[in-house]
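Scroll down for the structure; my scribbles are underneath it.
Just so we're on the same page: letters track the sequence lines, and every chain starts at 1. Predicted, not measured: the structure shown is a model, and the values here were computed from it.
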Amino acid sequence: MLFQVENLTSGYGKIDVVRDLSLHVDDGEHVGLFGPNGHGKTTLLRTISGLIETKAGKVTFQGEDITNLDARKIVARGLIHVPQGNQLFPRMSVQENLTLGAYVARTDKHKSSNFEKVFSLFPRLKERLTQRAQTLSGGERQMLSIGVGLMGMPELLILDEPSVGLAPIIKEELARAIAEIAASGVTMIVVDQDVELLLGICERLYLIEKGTVSLETADVSQVDQAEILEMYFGKVT
Amino acid sequence: MSLMDQLNKYRIGLAIIGLVAFLAVPFVITDKLLIHLAILGMLYAIVASNWDLTLGYAGVFNFAHLAFFGIGAYTSGILAVKAGVSPWLGILAGGATAALASVIVSIPAIRLRGIYVALLTFACSQLVLLLLLSQPLITGGQQGLTGVPQLQIGDFRFRESPFAHFYLVGFLLLCSTIFLRRLVTSDFGLSLIALRDFEEYAVARGIPLAQQRLLAFLLSSIFPGMAGAVYAHFLIVASPDIFGFSLTTLLLSMVLVGGVATIYGPVFIGVVMTYVSELMASSAWMSDVFGISRGPVRFMFVAMLIVLTMRFFPGGVWGLINQLSSRVRKQKQAAADQHT
Amino acid sequence: MSLEAIVAIIAGGLVSGSLYALMASGLSLVWGTVRMFNFAHGALVMVGAYSAWYMSNRGGLAKALQPLGKSIIESSENSGALGGLLLPLGEWLVSMRGGFGLVLGVPFAILCCGLVGYVMYVLLVKPFVGKPGADLVVIITTIAGASFMQNGVQVIFGPRYKQLDRILTGPPLQVLETAIGLQEVLVIVLTPVALLLLHFFLKHSKLGMAIRAVAQNDDFAHLVGINVGQIYPLTFVVSSILAGLCGVMLGGLFFILPTMGAQELLFAFVVVVFGGLGSLPGTIIGAYVIGFIRESSAYIFSLYWAPVVLFATLILVLIFRPRGLMGGEES
């Protein structure tokens with residue numbers, strides 16, 4: 001098993017947002033997380049990547065305990081978190097952003113081939129190479145955000161809400177790119193509101209509510225998709 | 001129940017004891033240096049405790065606070081030296097010009113936030129200094145304004161008696177402290193705290209931010225202005241050193257070490273710090289240890305004290321006393337609870 | 001206005017602008033990255049000047065080492081092989097009684113400033129990073145730090161003025177019949193070089209890029225693997241080195257004394273506010289603009305009024321454009 005979260009509890013100050021949550025991801029697997037807003041998905045990811053302290057529980061990656069490790073040490077192991085809201089270095093060029101994506105030492109030798117990979121996936125970024133990140137469109141920023149993540153050569157890539165706020169056409173383009181990354185063999189956790197997008201990429205889904213896993217599907221190819229959608233929307237309303 | 005509440009129970013008795021003790025000081029302590037330091041200490045205590053109003057209660061870093069003190073000193077000094085105005089009127093004039101200066105500073109300052117307030121007030125205080133230095137004919141320039149007349153009533157000269165300045169400054173400190181304590185426990189004081197701790201909410205509830213900040217600046221400037229005037233007549237000089245980094249640091253340490261947002265802390269620690277730092281500057285062992293330059297060493301000491309306080313006792317001495325007394329009370333309470 | 005006056009104002013403006021640019025760029029860098037304002041920055045200028053003096057002047061380290069040199073020579077005459085080995089050292093020390101020169105003085109100043117900057121970060125800034133009201137607290141602790149350093153230097157070196165040796169000696173340069181001192185020319189030429197080095201460091205080196213990354217988005221900086229906790233002290237060190245360079249240049253132009261740097265700090269404040277806090281290009285342009293305003297107002301009004309004009313400018317800028325005239329960008 002590549003990645004495992006056991007009985008994780010975390011939050012801000014005295015308030016626990018994630019409570020006693022467990023999940024796991026196998027090597028080469030693509031796992032989707034979905035669920036209503038404000039129920040701890042982003043907090044979970046921020047805890048996994050070391051931005052928030054773990055109060056209880058354990059996170060294991062590649063067989064080693066990475067609970068409460070510094071964020072940079074987690075990144076150095078290849079657990080790459082692409083945060084929500086297309087976060088970037090706004091006053092740096094596309095190229096500089098991608099270069100910083102390859103900050104950790106283990107990517108040094110593969111920098112140029114990684115650049116090529118990102119450009120073949122998102123040709124638009126190549127066209128905008130010297131442009132400042134803050135001048136890009138919403139879709140381009142999201143592509144860059146993912147591109148920066150790929151430059152870190154992920155062993156496990158975590159995408160937080162990649163499709164949020166994007167126009168349908170751009171969303172489709174992005175979904176294709178993510179599916180392509182998935183097909184290239186990168187293990188992934190994708191968080192999104194759009195269950196259909198997740199179904200196009202992932203083999204397994206977790207429904208997260210009130211800070212914990214409230215539902216876990218078996219292999220989605222074995223399950224009727226409409227059923228899953230019904231489960232989710234039935235629960236929300 | 002805090003320490004203050006406990007003291008409040010016996011306030012009248014304590015006030016009388018305090019007053020008698022205070023009046024008795026010049027009779028008991030006949031050392032001229034000690035009395036001199038006490039007067040200086042009380043003047044600094046006035047400046048420091050008024051600074052606490054803006055720094056502690058309003059949460060605004062007003063770098064120009066010492067400038068209010070300096071403006072008071074120069075106003076009264078210049079009026080007396082150049083126009084022959086009575087020092088007593090000069091003291092009032094000092095308070096008035098300081099108040100005017102505070103309004104001028106606060107009008108731009110209230111629109112700004114955090115660091116920008118500090119920068120603006122810093123610039124303002126330097127501007128005042130530069131203006132003073134640029135007019136040596138009136139202000140005495142770099143050397144300061146010398147020949148400031150001392151206070152007198154009829155033929156009675158204040159510098160000739162150990163009592164006169166001591167009682168006068170003590171009275172001023174008492175008025176200032178009562179004024180400040182009244183202020184910070186009033187609705188106005190509470191609104192300042194609300195703005196400091198929860199600005200958006202306080203503004204949403206209708207507290208006028210700009211007006212309250214302006215008032216805080218204004219009300220914190222009057223007593224320092226008057227104290228500055230007394231300072232000039234007491235030392236018979238008004239010096240540009242008032243605007244220097246060293247005095248600012250010393251006064252700042254009184255507010256911080258005493259305890260921000262307490263008023264009493266800076267009042268007491270103001271007097272104590274003056275003693276400690278002046279005695280350090282004049283004590284024999286300091287000069288033995290550090291050779292000729294012992295003056296600078298006390299400012300190094302003060303600087304270390306500030307950093308240590310910020311690091312380990314952000315509540316200052318007063319905060320520490322309150323904390324300890326409430327802990328003792330809790331233990332007593334717990335012990336009492338166990339018995340029942 | 002005569003031609004000579006115009007040349008003098010331009011030269012003076014370039015000198016002042018250079019000094020302000022070196023100082024203000026450091027302040028701006030720290031503000032942009034750590035979100036703190038370092039009031040001890042002026043004291044670092046002073047540390048730079050004093051350490052350069054101590055290493056280069058014959059009254060400094062060289063003088064202190066004379067007895068050591070002499071005793072090495074004496075003792076080596078009486079001892080065998082080891083003495084023979086040490087003899088050149090002793091002779092060298094004695095021969096250096098004129099001071100070690102600015103060749104060693106400038107690197108020494110850079111080293112000292114970098115070290116002081118790091119210690120300052122650890123003692124005065126680090127304990128408060130991330131706590132509520134930290135920016136206010138750090139103003140206070142750095143003021144205390146400045147006071148400590150100023151008074152400390154006075155204890156060590158005494159209050160008497162010192163002066164750095166001149167790097168270039170010779171008659172002043174004649175530009176359109178106006179004399180410009182060689183030291184001034186050096187400042188005008190070397191500052192852009194230092195600023196270009198800073199530019200390349202920030203733009204192209206890994207650590208420099210990391211500094212900018214942290215300044216722009218520290219959360220994301222964590223996620224690409226930058227050690228943000230290390231970037232803060234690094235920024236302080238870089239900024240302190242710039243202040244130290246400014247001190248070396250100031251020390252070559254004017255007297256060195258414990259309170260030096262305070263006046264320059266004031267102008268640096270004007271500059272960073274003018275150029276927009278945290279924006280480096282804005283700061284550097286602002287520095288030269290302020291330099292010219294200062295020199296021309298000194299010419300038009302008087303030396304005393306120049307700062308008054310500047311502070312009035314600062315206050316107006318703060319009132320009407322608190323983010324800076326250049327539209328300083330804050331993330």
Side-chain angles (χ1 to χ4, degrees), chain A residues 13 42 45-46 48-53 69-93 95-108 111 132-135 141 144-154 157-160, chain C residues 25 28-29 31-35 126 129-132 198-235 275-285 323-324 326-331:
Chain A
T42 296
L45 302 189
R46 289 176 67 83
I48 291 171
S49 55
L51 293 175
I52 303 175
E53 199 192 345
L69 224 53
D70 281 348
R72 66 190 166 89
K73 289 183 184 157
I74 294 173
V75 178
R77 284 162 191 256
L79 195 163
I80 310 280
H81 172 189
V82 176
Q84 198 180 11
N86 46 56
Q87 296 230 35
L88 293 165
F89 303 113
R91 294 188 298 287
M92 288 196 195
S93 68
Q95 181 163 24
E96 286 176 312
N97 269 282
L98 291 172
T99 308
L100 278 164
Y103 190 82
V104 289
R106 71 185 182 100
T107 63
D108 281 352
K111 210 182 250 180
R132 278 185 172 200
Q134 63 188 3
T135 63
R141 280 206 292 267
L144 181 54
S145 210
I146 295 172
V148 171
L150 289 176
M151 291 299 290
M153 300 180 71
L157 181 66
I158 301 180
L159 302 179
D160 193 359
Chain C
S25 54
S28 180
L29 197 63
W31 172 261
T33 311
V34 194
R35 298 272 123 190
K126 194 181 174 201
V129 168
K131 300 216 171 120
L198 176 69
H199 172 82
F200 278 111
F201 170 70
L202 290 175
K203 199 86 183 172
H204 298 295
S205 79
K206 197 169 176 177
L207 282 175
M209 280 185 78
I211 288 181
R212 285 163 62 222
V214 172
Q216 294 184 16
N217 189 346
D218 57 350
D219 216 37
F220 195 44
H222 274 117
L223 290 178
V224 297
I226 294 171
N227 188 349
V228 177
Q230 231 169 36
I231 294 304
Y232 286 174
L234 176 72
T235 312
L277 273 175
S279 147
L280 214 49
T283 301
I284 290 168
I285 296 168
R323 299 268 152 154
M326 315 286 168
E329 299 159 291
E330 299 219 25
S331 48

Inter-residue atom distance C:R212.CZ - A:R91.CZ, 0.5 Å rounding: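 Interatomic distance, C:R212 CZ to A:R91 CZ, rounded to 0.5 Å: 9.5 Å.
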Please report the interatomic distance CD(A:Q87) to CG(C:D219), rounded to the nearest 0.5 Å. 5.5 Å
For C:V224 and A:N97, what are the C-alpha separation, side-chain angles and deciding distance, and is it a side-chain contact (heavy atoms from CB on, under 4.5 Å)? CA-CA 10 Å; C:V224 297; A:N97 269 282; over 6 Å; no
Restricting to non-hydrogen atoms, name the atom on A:S49 and the atom on C:L223 that form the minimum distance, rounded to 0.1 Å. OG-CD2, 3.7 Å
Looking only at heavy atoms, which two atoms of A:E96 and C:K203 are closest? And how far apart?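 Of all heavy-atom pairs spanning A:E96 and C:K203, the closest is OE2-CE, 3.7 Å.
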Return each pair, listed once, that meets ring pair (Phe, Tyr, Trp, His ring centres under 6.0 Å) where at least one residue sits in residues 203-224 of chain C; pairs must be two or more places apart or across chains. A:F89-C:F220, C:F200-C:H204
Residue pairs fulfilling salt bridge (charged side-chain N to carboxylate O under 4.0 Å, His left out) with at least one residue in residues 78-87 of chain A, sequence neighbours excluded: none
Side chains of C:Q216 and A:L100: does their closest heavy-atom pair fall under 4.5 Å? no
